[in-house]
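Every chain is numbered from 1 and lettered A, B, ... according to where its sequence line falls, protein lines coming before strand lines.
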2 protein chains.
Amino acid sequence: MPTIKDVARAANCSTATVSRALANPEKVSDATRQRVAQAVAEVGYSLNAAARNLRRSESRTIVVILPDIANPFFSEVISGLESVAHQAGYQVLLGDAGHNPERVKSYFNLVPSNQADGIILLTTEVPKALVKERQADSGFPLVVACEYFDNLSLPTIHIDNEQAANRATEYLVSLGHRAIATLSGPGGNPICKDRLAGYRRGLADAGIETRPEWILEGDFSFHSGYEQGRILLQGGSQRPTAIFCQNDEMAIGVLKAARDLEIRVPEQLSVVGFDDIGFSQYCEPELTTVHQPRQAIGRTAMKLLLDILKDRNVPFDQTLKTQLIVRGSTGRAPGA
Amino acid sequence: MPTIKDVARAANCSTATVSRALANPEKVSDATRQRVAQAVAEVGYSLNAAARNLRRSESRTIVVILPDIANPFFSEVISGLESVAHQAGYQVLLGDAGHNPERVKSYFNLVPSNQADGIILLTTEVPKALVKERQADSGFPLVVACEYFDNLSLPTIHIDNEQAANRATEYLVSLGHRAIATLSGPGGNPICKDRLAGYRRGLADAGIETRPEWILEGDFSFHSGYEQGRILLQGGSQRPTAIFCQNDEMAIGVLKAARDLEIRVPEQLSVVGFDDIGFSQYCEPELTTVHQPRQAIGRTAMKLLLDILKDRNVPFDQTLKTQLIVRGSTGRAPGA
DNA sequence: CTGAAAGCGCTTACAG
DNA sequence: CTGAAAGCGCTTACAG
């Protein structure tokens, strides 16, 4: 591989000048700049990033840690993250945590090892100690998005999960439903607790008592939605007329369970999801769901991290707006 | 950040010894190894990867270029790629091409700039010149998977697209269908041409003439499946009784078009997809489709690339097996 | 088994 | 506007 020395020789100048011509063209005369450009082409030079990173002690790389690359929720968040990063001259390294704490640890280690300048965390399924030592005052460039940690001080981009879940529940109430079940995500997750709280408040405000057997927990997968949906729909004396699911995949699993049990949606059962993934418009019936501004979440999170890296004074956390999208999976309660 | 010097001081030895203790523990005495380990913990050392990369001129990073991160087909391929890479001590940098040739160029540039050791290409939507100069004999470590380039000599992992499409078509014929349409992916893509060829051969072998108006092209999205599905299903004098789609998302779009037009699947229309994405079991009805061994494709591709990097003698390209999965979206032809 | 020393390819403060 | 030189933090061939 040709190095900066080869370019300098070909351009008949020093390596310092080549470096300047490439990184700060305005610090160099027109003639020199042109000679260098030509020499670069001539010898087929490309800058050795390892050397630059070592010298500058920065990598212009941001690591984004995902819980699971297969989750369709994240694709648009990533697209938002990447657009801002690339514009600012940063690359994005996507790290799939794959429910593996060791892997997460090794992604975090990319920062002290000078392979990444900062981290965006899209999951809270990480060793707690790892994050505790890296709160805002530690100087570790870390931004959390989509989810958040209880009782930790970390810059975070999120939505108002309690409010969004509450609106969804209120909407079901407004359709005359009173037998409203819910399917939560993993119970330890703060956003799941918030969504559950929003559901509870929605029922309480309508004077409806919650039933423990109508509050089930899944793991955000199609499959768990299907399994828990079957339990809700064929168990016990009374059947719910509506189910609020904490994400779209589980809601789509519930739709399938209803189909298997020959329960018609929305005539006999209303189903609401959360996220508005692309697929929610292609299931049968189309899914009523809470739309999250996923692009914007990604863009805002990356902006925040880049601002932190530049030591700019930035808003510590930001809450973005959601919107309930009404489609075919919800209707008036039977007999209402 | 503490450096190797700080560790050497704390362990009362040279930096060379520290380096050895960390990278080749067997080259160092037990006592020294322990002193170094303790010193590392004491000063909170972590190796500067930029310095190591510069010195070794390798990055232990593989870049995987995806056409579009939102495409659910790739998640499992990636998981296969990552598992092999991590085991071998490599990281994976996922690059979203986003239909942007400039971005692809910059990903390729990571290799000469010493930020990546090799590239795995999961799309052929890249500037042709970029690949032409990097064929097998160029020494550029590049492996293509899932897709391939016509007339270029590049190590490739793929399936037999012609055969898989042919089997799917034969299956429809065996159900008594003779009015079989197809929905292709982007026509310039070699794998799409192969699948189309398999379809044509299936019809020819059954003595059925192809009809140009029954060979439509989409872009692999839900939406294009829906649009083209409507055209196939409401156009002209005769309606096809079966549609073979070149991926699952388009097939799911076709299912929706059929629903809108009140055409019952599979009673009045059979639909076959390709890929077997997770969603194909949760649409209504469940999709008959060609299963691709996505994990295995990923694993095999990464193994091949790592072998190439180690200069091992390796099979140049490998074809993995597919399987037709019969589900609820196909049935006997009406009146057959 | 260990150390002194060279060198990977850049960038940048300093001097002119 | 340009160059000489130091130095970023490692690894490794060489010598002992």
Can you pull out the residues from residues 27-42 of chain A that lie within a 4.0 Å heavy-atom distance of DNA chain D? Lys27(A), Val28(A), Ser29(A), Thr32(A)
Tell me, which of residues 9-19 of chain A have any heavy atom that sits under 4.0 Å from an atom in DNA chain D? Cys13(A), Ser14(A), Ala16(A), Thr17(A)
Do Thr300(A) and Gln318(A) meet the criterion of a side-chain donor-acceptor pair at a distance under 3.5 Å? no
Could you report the tightest heavy-atom contact between Tyr107(A) and Ile119(A), atom names first, then the distance? O-CD1, 3.7 Å
For residues 121-142 of chain A, which residue pairs qualify under ring-ring contact (aromatic ring centres under 6.0 Å, His included), counting only residues two or more places apart or in two chains? Phe108(A)-Phe140(A)
For Met1(A) and Asp6(A), the nearest pair of non-hydrogen atoms, with its separation, is O-OD2, 4.5 Å
Can you tell me which residue pairs pass the salt bridge (charged side-chain N to carboxylate O under 4.0 Å, His left out) test with a partner in residues 11-39 of chain B, sequence neighbours excluded? Asp30(B)-Arg33(B)
Please report the closest heavy-atom contact between Val28(B) and Ala21(B), naming both atoms and the distance. CG2-N, 4.1 Å
Tell me the closest heavy-atom pair linking Ala301(B) and Ile157(B), and the distance in Å. CA-CG1, 3.6 Å
Applying side chain to side chain contact (heavy atoms under 4.5 Å, CB included) to Ala37(B) and not counting sequence neighbours gives none
For DNA chain C, write out the stems as range with range, using runs of 3 or more consecutive Watson-Crick or G-U pairs with both distances under 3.5 Å. C:1-3 with D:14-16, C:5-12 with D:5-12, C:14-16 with D:1-3
Note: contacts of residues 51-62 of chain A with DNA chain D (heavy atom, under 4.0 Å) are Leu54(A), Arg55(A)
For the P atoms, the ones on dC1(D) and on dA5(D), what distance do you get once it is rounded to whole angstrom? 23 Å
Side chains of Gln295(B) and Ser79(B): donor-acceptor distance under 3.5 Å anywhere? yes
Please give me the minimum heavy-atom distance between Pro2(B) and Gly44(B), naming the atom from each residue. CG-O, 3.2 Å
Report the residue from Thr156(B), Leu66(B), Leu122(B) that forms a side-chain contact (heavy atoms from CB on, under 4.5 Å) with Cys146(B). Leu122(B)
I'd like the 5' and 3' limits of the part of DNA chain C contacted by chain A, with heavy-atom contacts below 4.0 Å. dG9(C) to dA13(C)
Per the salt bridge (charged side-chain N to carboxylate O under 4.0 Å, His left out) rule, what does the pair list look like for residues 111-134 of chain B, sequence neighbours excluded? none
Contacts of type ring pair (Phe, Tyr, Trp, His ring centres under 6.0 Å), residue Tyr148(A), not counting sequence neighbours: His158(A)
Name all pairs fulfilling the salt bridge (charged side-chain N to carboxylate O under 4.0 Å, His left out) condition that reach into residues 59-76 of chain B, sequence neighbours left out, sorted by first residue then second. Glu58(B)-Arg60(B), Glu76(B)-Arg294(B)
Excluding sequence neighbours, so at least two apart, what forms side chain to side chain donor-acceptor pair (under 3.5 Å) with Ser14(B)? Thr17(B)
